[in-house]
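Beneath this line is the structure, given in structure tokens, with notes to follow.
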Amino acid sequence: MKILVTGGAGFIGSHTCVELLGKGHDLVVMDNFCNSKPEVLDSIKSIAGRDFAFYKTDLRDFRGLSAIFREQKIDAVIHFAGLKAVGESVQKPLAYYDNNIGGTLMLCQVMEEFGCRRMVFSSSATVYGMDNPVPFREEYPTSATNPYGYSKVAIERILSDLSVSDPRWSVSLLRYFNPIGAHPSGLIGEDPSGIPNNLLPYVAQVAAGRLKELSVYGDDYDTPDGTGVRDYIHVVDLALGHLAALDYIMDHNGVQAVNLGTGKGTSVLDIVHAFERACGRPIPCRTAPRRPGDIAVCYADTQKARELFGWEAARDIDQMCADGWNFARRHYGA
Ligand code: NAD
Ligand code: UD1
């Protein structure tokens with residue numbers, strides 16, 4: 001099968017490309033490198049031992065996208081390309097709506113034109129908003145608190161409407177929980193530019209000596225140790241979830257939202273301790289006020305992924321931190 005991967009040079013996309021190549025799929029990768037580097041493509045090739053087609057183009061570039069579909073016989077699309085920083089989305093809502101929603105609309109139009117109607121889309125647990133009880137189940141109402149989250153809610157809606165309007169479409173809306181870790185080779189991983197917003201890249205940079213200490217955002221939540229609880233999932237497990245979703249959409253039409261998480265909650269302090277075990281160094285921490293927009297607890301109900309895809313996450317927190325540290329250590333020369 002020939003798969004187009006949008007945003008394939010990014011964190012989750014690159015790991016998914018490795019697994020797709022390993023499974024024998026032909027790949028066409030497109031990215032504009034707005035949040036990634038071209039060197040990642042060489043790392044994917046070197047891990048997988050196989051080559052693939054690459055197009056440097058923007059999702060919103062009609063000509064560029066059309067050229068891909070004209071030149072390649074694409075069977076399905078895995079659509080990662082998008083902007084993902086919550087805080088930045090509040091500062092630049094138009095850029096987020098334009099890139100995420102505008103880009104997806106353009107992609108759907110070109111797919112329609114070329115008769116390719118199978119898509120796996122990167123959604124997020126952020127669509128569960130602030131008011132649902134855990135574990136989050138796919139049938140819960142969706143909502144958002146920031147432009148990034150609204151872009152995911154809107155795209156889910158657009159892809160659902162499209163599937164209703166034409167039953168030839170087959171779409172999987174994958175709601176990721178908190179992807180962390182890296183490929184065990186240490187060649188690809190998460191490398192945010194500037195000061196990281198998310199917990200794991202921040203902890204890794206403290207361990208590597210690039211940042212002084214971790215601010216723990218709130219220690220008075222109603223959780224076992226007072227710190228926020230999340231469903232961290234190894235990025236390789238997440239990548240494998242995309243292969244399972246791809247198999248599913250090849251045989252089933254319509255639209256399905258599916259959680260990709262482990263179903264287990266882990267606190268900020270649990271993560272700090274696991275990372276300390278992985279790197280063998282202390283992670284200095286200080287308590288800071290709660291971060292606006294954070295919920296106390298977030299974890300997935302994983303039944304639907306098991307039933308529909310026959311998929312479940314296999315790697316535990318220690319493995320996630322060990323692989324994350326292996327990447328950070330090589331990357332930052334620590
Ligand atoms: P990432 O930023 O590492 O990867 C996204 C890739 O898309 C980058 O390589 C970027 O250069 C590219 N891109 C962005 N806009 C583009 C455009 N208009 N045209 C072409 N390429 C473009 O992010 P990631 O962590 O790999 O996330 C992938 C997807 O998963 C995103 O849609 C994100 O919103 C979603 N997601 C991520 C997380 C997470 O914690 N990482 C959680 C939930 C959902
Ligand atoms: C954040 C985003 C969410 C996005 C998700 C995955 C916000 C408000 N939410 O969620 O929309 O889908 O990332 O990309 O940004 N923490 C600290 N100190 C830090 C960083 C984080 O204590 O320096 C805590 C947080 O309060 C939280 C946990 O660590 O309890 C995880 O934070 P983070 O990695 O940012 O993920 P989310 O909050 O789940």
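Residues: numbered from 1 along the sequence shown. No experiment lies behind these values; they were computed from the predicted model shown. When a ligand or atom number is given, it counts from 1 through the structure's own listing order.
Side-chain contact between Arg230 and Ile271 is absent, with no heavy atoms from C-beta onward closer than 4.5 Å.
Ala85 approaches Tyr96 most closely through the heavy-atom pair N-OH, 3.1 Å. The shortest heavy-atom contact between Glu138 and Asn259 is OE2-N, 2.8 Å.
Legend: salt bridge (charged side-chain N to carboxylate O under 4.0 Å, His left out) pairs involving residues 169-180, not counting sequence neighbours, sorted by first then second residue: Glu156-Arg175.
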Taking a 3.5 Å cut-off between nitrogen or oxygen atoms, can you list every pair linking ligand 1 to the protein, with distances?
unit_1: ligand 1; atom_1: 2 (O); unit_2: Asn35; atom_2: ND2; d: 2.7
unit_1: ligand 1; atom_1: 3 (O); unit_2: Phe11; atom_2: N; d: 2.8
unit_1: ligand 1; atom_1: 9 (O); unit_2: Gly10; atom_2: N; d: 3.3
unit_1: ligand 1; atom_1: 9 (O); unit_2: Asp31; atom_2: OD1; d: 3.2
unit_1: ligand 1; atom_1: 9 (O); unit_2: Asp31; atom_2: OD2; d: 2.6
unit_1: ligand 1; atom_1: 9 (O); unit_2: Ser36; atom_2: OG; d: 2.7
unit_1: ligand 1; atom_1: 11 (O); unit_2: Asp31; atom_2: OD1; d: 2.7
unit_1: ligand 1; atom_1: 11 (O); unit_2: Cys34; atom_2: N; d: 3.0
unit_1: ligand 1; atom_1: 11 (O); unit_2: Asn35; atom_2: N; d: 2.9
unit_1: ligand 1; atom_1: 11 (O); unit_2: Ser36; atom_2: OG; d: 3.3
unit_1: ligand 1; atom_1: 15 (N); unit_2: Asn99; atom_2: ND2; d: 3.1
unit_1: ligand 1; atom_1: 18 (N); unit_2: Asp58; atom_2: OD1; d: 3.2
unit_1: ligand 1; atom_1: 18 (N); unit_2: Asn99; atom_2: OD1; d: 2.8
unit_1: ligand 1; atom_1: 19 (N); unit_2: Asn32; atom_2: ND2; d: 3.4
unit_1: ligand 1; atom_1: 19 (N); unit_2: Leu59; atom_2: N; d: 3.0
unit_1: ligand 1; atom_1: 21 (N); unit_2: Asn32; atom_2: N; d: 3.2
unit_1: ligand 1; atom_1: 21 (N); unit_2: Asn32; atom_2: OD1; d: 3.2
unit_1: ligand 1; atom_1: 25 (O); unit_2: Lys84; atom_2: NZ; d: 2.8
unit_1: ligand 1; atom_1: 26 (O); unit_2: Phe11; atom_2: N; d: 3.2
unit_1: ligand 1; atom_1: 26 (O); unit_2: Ile12; atom_2: N; d: 2.8
unit_1: ligand 1; atom_1: 32 (O); unit_2: Phe80; atom_2: O; d: 2.8
unit_1: ligand 1; atom_1: 32 (O); unit_2: Lys152; atom_2: NZ; d: 2.9
unit_1: ligand 1; atom_1: 34 (O); unit_2: Tyr148; atom_2: OH; d: 2.9
unit_1: ligand 1; atom_1: 34 (O); unit_2: Lys152; atom_2: NZ; d: 3.0

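A salt bridge links Glu139 to Arg137: at least one charged side-chain nitrogen sits closer than 4.0 Å to a carboxylate oxygen. Look at Asp323 and Arg315 and you find no salt bridge, because none of the NZ, NE, NH1 or NH2 atoms lies under 4.0 Å from a carboxylate O. A salt bridge links Lys23 with Asp247: the distance from a Lys NZ or Arg NE/NH1/NH2 to an Asp or Glu carboxylate oxygen falls below 4.0 Å.
Take Lys2 and apply the side-chain hydrogen bond (donor to acceptor under 3.5 Å, both in side chains) test, not counting sequence neighbours, and it matches Gln72.
Geometrically, Lys45 engages Phe52 in a cation-pi contact defined by less than 6.0 Å to the ring centre and at most 45° from the axis.
Taking a heavy-atom cut-off of under 4.0 Å, ligand 2 is surrounded by Val86, Ser124, Thr126, Asn178, Asn197, Asn198, Leu199, Leu214, Ser215, Val216, Tyr217, Gly228, Arg230, Tyr232, Val268, Arg291, Asp294.
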